[in-house]
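So that we are looking at the same thing, I have put the structure below in structure tokens.
Start at 1 and go down the list; that is how both ligands and their atoms are numbered.
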Amino acid sequence: MFLEFIVEVAKHTMNAHERQKSHASKNHLKNQLRQVISLVFLILFLVVSFFYLNFSWNRYKRTAASEAVILAQSLESMIHPEHIMALSGNLTDLTKPEYEISKTDLMRLVKTTNPLRFAYILGQKNGDTIILVDSKPPDSTDYSPPGQIYDEIDPSYLIPFQSGQTILTEAVTDRWGTWISALTPIKDPDGQVLAVFGIDYSAAEWQARLYRQMIPDCVVVISLFLLVVLLLYVQTKKSVLKTLSDNLAYDEALYHNIFTQAPIGIALVKGGTFVVESVYGHTNINPIFEQILGRTSAELDNLSWQDITHPDDIEKDLELFARFKSGEFNQYELEKRFIRPDGSVIWTHMQISKLIGLPGRNTWHLCLIEDITAHKEAEQKLSESERSKSVLLSNLPGMAYRCLNDRNWTMQFVSDGCHALTGYLPKNLINNRDLSYNDLISPEYQDVLWQMWTETLANRSSFKYEYEIITASGEPKWVLELGEGVFNDAGDVVALEGIILDITDRKAVEEQLRYTAEHDLWTGLYNRKYLENLLNREAERPLTGRTAIIGINLNTMYLLSLTYGFGYTQTVMRTVAEALSEFCSETRMLFSSYEYRLVFYIKDYKNRDELESFCEAVARTLSPFLTAERIGGGIGVLEINDNNRHDVDRMLKNVLLTTEKSMKHDDSEVHVLFFDETMETQIDRENRINRELVQISEGINSERLYLQFQPVLDINSNKICGFESLARLNSESLGIIPPIEFIQLAEKNKLIVPLGDVIIFKALQFLKKLEANGYSTISVSVNISAIQLMRDDFSKNLIDRINRWQINPTNVGLELTESIFTSNYDEVNRVINGLRAKGIKIAIDDFGTGYSSLAREREIHADYLKIDKFFIDKLLDANQEGTITSDIISIGHKLGHCVIAEGVEHESQLQYLKEHGCDMVQGYWISRPLDEDKAIEQLNRYNQGSNC
Ligand code: C2E
Ligand code: CA
Ligand code: CA
């Protein structure tokens, strides 16, 4: 800023200087012109003066001449021609009175008439000019006796003799001196020239007289001349003054503009205080100064500069100022901070210098300040950025470089990180001293890198590439290079710059992550994601040969894990995966698609038979594991075709559902099922139901799940003694769904737990309602799935609720199917015993169809046996007596159970059951399952007020 201003001012000054120069040259021209004019004027004046003086001179000369002539003529008139005629022109005349008279006259004449020096009368005798009489006394050396021949005579003296005219001669020199003579002829009465009368003036005196006459003229001329010179001088001075005043005005304007407009604060300071105004009324603090300090001149008037100097800078400033005042130096500069009225700090570059040229003000000095806050901030930022750059460079997990764009990547600069990254020192690489960077790059990447850089530079984009280098110790290292080309103005690449980072660790983690992302950690097999990607990739290609997905569902293992824990099932799954891996080949890949589910991806098989026999082989391999664990499994096969291959998600879902379908709960066989389209419709239906069940379990549309109640008739009293609650689902899109369908689904998805909770809640509500209606001994039973029963909190929750609601637990019945006992017999018994201890009644449902043979029945601790409808239907056969139904009843009784017959539709059946001592019956013959109100109505009807 300051520099800029200096440059500006310099320019300005140079311009001003230039202008001044041109101004000066113009002035110079004007001056010259003025001088020429003055000179011409002077010359003109001199010429005029010369002519004037010349004229005067001539005039005086003429006047003198005519006076001399007139004098000569008038003197001549006093001379008597008779006297002259009397003279003979020889010494004899001395004696003549005429001579005497004439002589005396002439002598008197000369004496009395100034400035005459001689008077004489010349005559002619014998062709010579002789002096007849002169004015000199005879004792004078200049005396000429009469008749003396005037042999030095100037010819002009003869003119009066010849012309009879009076003349005035030029200065003539003879032995007496230099004279100017006036000669006038003396004529006789006839007009004949007798002699010539002459008077001589001393030429010197004549001249002197003339000069004397010229004195006034000369004085006038000289005076005028002096006046003119004076005038010219004044004029010249005036124009010089004008030029000077112009210069001053210019300087003043320049100064004023600079003072008010310069981006530099200017102030005059006297000692410690600011001189706000000079004695001449000039402002001594410019607007920028006020602006920088944030204070007006008036405010500054009351302040000393120490007051507004930042405390950290005051010491230095005072020290410099003291040295400055002592005369140690004429100026000093300082970067210092001022404090503004709002407390903010402003950085300035200050220059203090002596104020030169102010008379009598030598204690004042000039203070220039420039706002360098921005510059300081930038400086700070720069140093910050320099610092962070060096921190960055020294902590870079790699190296920064600048290299040439050549095949060697000739390094021009390499940061210190080079050593840690490559094992070589920067100097080894710079200018390829010991080796080039290209030598470090793994050979398989060298060409690729060149290719990539070439493209990058052509596009002027950024370079980013991961590759391997071989370090000094021969160890391969993964690096990430990030760089850019450096171009000159012509657009040519001059260098490449960037950083090369060590990403070996990241690569290892990436590798690990990729492995984790692609593999199932239990089995080590590729996971579902990988399978999906593979199938998606395959879907892009044309279908060649036959391909299929074979799903293997072992999710029954889940039940195992409930008993033995996850670690156990994990180990089983791993062993299974290992066993199945034996089947893997180029055309058979094994994946772990979900928990407890595996998938084979089969390619290039010949026909369905081959697929079937492969599945059977798989089933055989699985068998030993499953039989040992007494669990089942399912295999589902989906053949890939052009219709289904593009929807990988759906394919996988369908194959999974096929495996589920193929599973049967009640055996440990592995069944194989091929997927077909009708299955998909079924699957779709199941999906819908599932979605609704999920919603209900979350409390949404929960009224769609409701209960009906089927009365149980006590055969002996012919009264209703209880109700079985049966769940109903009124699906939004599918209408009423039979429980056989949705309960199974809920069990599969484990939704039966929350749904079962809702069911128990509603059943107990009904029980409370019965109580409210006065039926305190009528029981309500609820069907309970294995998954529900096996939950740790099941018993506790149920008992808590019974207690809370103050329900008689003996009115609460739980119906458990036989299959419950297949999985974990002892555990089930333990739970049942706990419940029974609280008074809750347990019924074994569907008795006779399940796993629990009569053999084990004795070990099951239940209150009721519900004979399955299968055996009741049998009673309709022709040979009713041949059935085992009566045996079942009596065994039940023997074991201490109360026996209930289910599905009684005909009177004959009821009859038989009565005869064979069955305790209770349930079936359409008595009543279909009823809604709550209807059920109570029915109860009222049957029991007719009696409290059963
Ligand atoms: P279940 O426990 O054996 O229930 C008796 C089934 O027989 C009921 O079928 C009932 O309507 C039907 N039934 C009763 N008398 C007759 C008759 O005279 N003739 C014929 N043909 N059928 C008769 P529903 O309601 O369809 O229930 C089917 C099965 O769904 C039940 O068999 C039970 O295993 C299960 N279920 C029903 N509700 C629930 C429940 O809330 N929880 C659980 N876990 N399972 C339930
Ligand atoms: Ca039942
Ligand atoms: Ca049943």
Side-chain angles (χ1 to χ4, degrees), residues 665-666 689 693 696-697 702 704-713 720 722-730 736-767 779-791 794 798 812-820 841-850 852 862-876 888 892 899-910 912-913 920-931 934-935 938:
H665 283 291
D666 48 1
I689 296 172
L693 290 179
I696 291 167
S697 72
S702 56
R704 290 192 177 276
L705 178 73
Y706 63 97
L707 298 185
Q708 282 192 321
F709 302 94
Q710 189 173 33
V712 179
L713 191 77
I720 292 172
F723 289 93
E724 178 181 4
S725 54
L726 293 159
R728 300 286 177 259
L729 176 67
N730 184 9
I736 302 285
I737 312 287
I740 213 81
E741 191 176 358
F742 77 84
I743 292 288
Q744 243 183 35
L745 282 174
E747 281 174 342
K748 267 191 198 169
N749 302 330
K750 307 188 179 61
L751 283 172
I752 194 65
V753 176
L755 294 177
D757 213 40
V758 175
I759 289 164
I760 292 171
F761 181 90
K762 292 189 173 179
L764 295 183
Q765 255 184 345
F766 179 62
L767 191 56
S779 65
V780 175
S781 66
V782 187
N783 294 286
I784 301 292
S785 301
I787 304 167
Q788 276 176 284
L789 188 77
M790 298 314 288
R791 283 186 70 93
F794 176 78
L798 179 64
V812 179
L814 301 182
E815 299 191 8
L816 309 171
T817 54
E818 273 185 311
S819 57
I820 276 188
K841 299 280 182 278
I842 303 293
I844 294 172
D845 208 351
D846 303 340
F847 185 78
T849 56
S852 66
D863 299 286
Y864 300 96
L865 278 188
K866 293 187 87 169
I867 305 172
D868 192 79
K869 183 170 178 288
F870 172 80
F871 299 103
I872 308 304
D873 286 348
K874 286 270 181 238
L875 300 179
L876 296 175
I888 296 175
V899 180
I900 305 172
E902 276 190 312
V904 179
E905 293 178 343
H906 300 278
E907 199 186 355
S908 59
Q909 293 167 318
L910 181 61
Y912 175 94
L913 293 166
M920 296 163 197
V921 283
Q922 190 186 341
Y924 293 172
W925 179 251
I926 291 88
S927 169
R928 284 182 176 260
L930 302 165
D931 289 337
K934 287 270 165 31
Q938 186 80 312

Query raised in the report: Which heavy atom of the protein is the closest neighbour of atom 21 (N) of ligand 1, given with residue, atom name and distance?
Result: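 Minimum-distance protein heavy atom for atom 21 (N) of ligand 1 reads Glu905 OE2, 2.9 Å.
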Query raised in the report: Can a salt bridge be assigned to the pair Glu902 and Lys866 using a cut-off of 4.0 Å between side-chain N and carboxylate O?
Result: yes
Query raised in the report: Out of Ala901, Ala763, Pro739, whose heavy atom sits nearest atom 30 (O) of ligand 1?
Result: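 Selected option, by shortest heavy-atom distance: Pro739.
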**Report entry** Test item: Glu724 and Phe709 side chains (from C-beta on) under 4.5 Å apart, heavy atoms
**Finding:**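 Glu724 vs Phe709: side chains apart.
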Query raised in the report: Checking Lys841 side chain against Ala862 main chain: does a donor-acceptor pair fall under 3.5 Å?
Result: no
Requested in this report: Could you say whether the N/O atoms of Trp925 and ligand 1 ever approach to under 3.5 Å?
Outcome: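 Looking only at distances, the answer is no, because the N/O contact criterion of under 3.5 Å is not met.
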Report task. Please indicate, with yes or no, if any protein heavy atom is found under 4.0 Å from atom 7 (O) of ligand 1? Result ->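 Protein heavy atom within 4.0 Å of atom 7 (O) of ligand 1: absent.
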Query raised in the report: Taking all atoms of both residues into account, what is the closest heavy-atom pair of Ile696 and Ser702, and its distance?
Result: CG2-CA, 4.0 Å
Query raised in the report: Measuring from the heavy atoms of Pro738, does anything fall under 4.0 Å of ligand 1?
Result: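 Pro738: no contact with ligand 1 (<4.0 Å).
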Query - Side chain to side chain, Leu814 and Asn783, heavy atoms closer than 4.5 Å - result: no
Query raised in the report: Say you draw a straight line from CG of Asp868 to CZ of Phe847; how long is it, rounded to the nearest 0.5 Å?
Result: 10.5 Å
Requested in this report: Would you check whether Gln710 has a nitrogen or oxygen atom less than 3.5 angstrom from a nitrogen or oxygen atom of ligand 1?
Outcome: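 Right, the criterion is met.
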Query raised in the report: Ser785 to ligand 1: N or O pair under 3.5 Å?
Result: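 Yes, at least one N or O pair falls under 3.5 Å.
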Query raised in the report: Taking the side chain from Gln909 and the backbone from Glu905, do they hold a donor-acceptor pair closer than 3.5 Å?
Result: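 Between the backbone of Glu905 and the side chain of Gln909 there is a qualifying donor-acceptor contact (under 3.5 Å).
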Query raised in the report: Can you find a heavy atom in the side chain of Ile784 that is under 4.5 Å from one in the side chain of Glu815?
Result: no
**Report entry** Geometric cation-pi criterion, Arg791 with Phe794: 6.0 Å, 45°
**Finding:** no
Query raised in the report: Are side-chain N/O atoms of Gln788 and Asp757 paired as donor and acceptor at under 3.5 Å?
Result: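 Asp757 and Gln788 do not have a side-chain donor-acceptor pair below 3.5 Å.
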Query - N or O pair under 3.5 Å between Ile752 and ligand 1 - result: no
Report task. Would you check if the side chain of Ser725 reaches a backbone N or O of Ser781 as a donor-acceptor pair within less than 3.5 Å? Result ->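 Yes.
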Query raised in the report: Protein heavy atom under 4.0 angstrom of atom 32 (O) of ligand 1, is there one?
Result: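 Protein heavy atom within 4.0 Å of atom 32 (O) of ligand 1: absent.
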Query - Arg728: numbered ligand 1 atoms lying under 4.0 Å from its heavy atoms - result: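 That gives atoms 25 (O) of ligand 1.
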Query raised in the report: Does any N, O or S atom of Asn783, backbone or side chain, fall under 3.0 Å from the Ca ion (ligand 2)?
Result: yes
Query raised in the report: Roughly how far, to the nearest 0.5 Å, is the CD1 atom of Ile740 from the CG atom of Leu726?
Result: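 Answer for the CG-CD1 pair, Leu726 versus Ile740, is 10.0 Å.
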Query raised in the report: Rounded to the nearest 0.5 Å, what separation is found between the CD1 atom of Ile867 and the CG atom of Leu913?
Result: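 Result: 7.0 Å between the selected atoms.
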Requested in this report: Please report the number of protein N, O or S atoms that lie less than 3.0 Å from the Ca ion (ligand 3).
Outcome: 4
Query raised in the report: Looking at Val904, which atoms of ligand 1 are within less than 4.0 Å of one of its heavy atoms?
Result: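 Near Val904, meaning under 4.0 Å from one of its heavy atoms, ligand 1 has 18 (O).
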Query raised in the report: At what distance is the nearest protein heavy atom to atom 12 (C) of ligand 1, and which residue and atom is it?
Result: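 Of every protein heavy atom, Tyr924 OH, 4.4 Å lies nearest to atom 12 (C) of ligand 1.
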Query - Nearest-contact summary for atom 29 (C) of ligand 1 - protein heavy atom, Å - result: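 For atom 29 (C) of ligand 1, the nearest protein heavy atom is Ile740 CD1, 3.8 Å.
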Report task. Applying side-chain hydrogen bond (donor to acceptor under 3.5 Å, both in side chains) between Gln708 and each of Arg928, Lys934, Arg728, report the one that passes. Result ->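 Output: one option passes, namely Arg728.
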Query raised in the report: How about Asp931 and Tyr706: do any of their side-chain heavy atoms sit closer than 4.5 Å?
Result: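 Counting from C-beta outward, Asp931 and Tyr706 do come under 4.5 Å.
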Report task. Would you kindly say whether Glu747 and Ser785 are connected by a side-chain donor-acceptor distance under 3.5 Å? Result -> yes
Query raised in the report: ligand 1 versus Gln909, non-hydrogen atoms closer than 4.0 Å: side chain, backbone, both, neither?
Result: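 For Gln909, no heavy atom sits under 4.0 Å from ligand 1.
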Query raised in the report: Which part of Arg928 is near ligand 1, with near meaning a heavy atom under 4.0 Å away: side chain, backbone, both or neither?
Result: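 None of Arg928 does.
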Query - Region of Ile759 engaging ligand 1 - heavy atom pairs below 4.0 Å - result: side chain
Query raised in the report: So which N/O/S atom does Glu724 have closest to the Ca ion (ligand 2)?
Result: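 Result for Glu724 and the Ca ion (ligand 2): OE2.
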Query raised in the report: Can an N or O of Ser725 be found at a distance shorter than 3.5 Å from an N or O of ligand 1?
Result: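 Looking only at distances, the answer is no, because the N/O contact criterion of under 3.5 Å is not met.
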**Report entry** Under 4.0 Å to a heavy atom of Gly923 - the qualifying atoms of ligand 1, by number
**Finding:** 15 (N), 18 (O)
Query raised in the report: Does the side chain of Ile689 come within less than 4.5 Å of Leu729's, by heavy atoms?
Result: yes
Requested in this report: For atom 5 (C) of ligand 1, find the nearest protein heavy atom and state the residue, atom name and distance (0.1 Å precision).
Outcome: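 Nearest neighbour among protein heavy atoms for atom 5 (C) of ligand 1, to 0.1 Å: Glu902 OE2, 3.8 Å.
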Query - Between Gln922 and Gln710: side-chain donor-acceptor atoms closer than 3.5 Å - result: yes
Query raised in the report: With no hydrogens and no angle check, is any side-chain donor or acceptor of Arg704 less than 3.5 Å from a backbone partner on Asn730?
Result: yes
Query - atom 38 (N) of ligand 1: the protein heavy-atom neighbour that sits closest, reported with distance to 0.1 Å - result: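 Going by distance alone, atom 38 (N) of ligand 1 is nearest to Ala727 N, 3.0 Å.
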Query - ligand 1 contact on Asp845 by region, counting heavy-atom pairs under 4.0 Å - result: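 It is the side chain that gets close, since no backbone atom is under 4.0 Å.
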Query raised in the report: Counting only non-hydrogen atoms of the protein, does one fall under 4.0 Å from atom 19 (N) of ligand 1?
Result: yes
Query raised in the report: Are Tyr864 and Met920 close enough that some pair of their side-chain heavy atoms sits under 4.5 Å apart?
Result: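 Yes - at least one pair of side-chain heavy atoms lies under 4.5 Å apart.
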**Report entry** Proximity of Lys869 to ligand 1 by residue part, where a heavy atom lies under 4.0 Å
**Finding:** side chain
Query - Pairwise side-chain contact, Asp846 with Phe870, heavy-atom cut-off 4.5 Å (strictly under) - result: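 SC-SC contact between Asp846 and Phe870 ruled out.
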Query raised in the report: What's the shortest distance from atom 43 (C) of ligand 1 to any protein heavy atom, and which residue and atom give it?
Result: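 Of every protein heavy atom, Asn783 CB, 3.3 Å lies nearest to atom 43 (C) of ligand 1.
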**Report entry** Heteroatom distance test (Asp846, ligand 1): nitrogen or oxygen, under 3.5 angstrom
**Finding:** yes
Query - For ligand 1, the portion of Glu724 having any non-hydrogen atom under 4.0 Å away - result: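 Answer for Glu724: side chain.
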Query raised in the report: What protein heavy atom sits nearest atom 10 (C) of ligand 1, and how far off is it?
Result: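 Going atom by atom, the protein heavy atom closest to atom 10 (C) of ligand 1 ends up being Leu726 CD1, 3.8 Å.
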Query - For ligand 1, the portion of Pro929 having any non-hydrogen atom under 4.0 Å away - result: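 Side chain only; the backbone of Pro929 stays clear of ligand 1.
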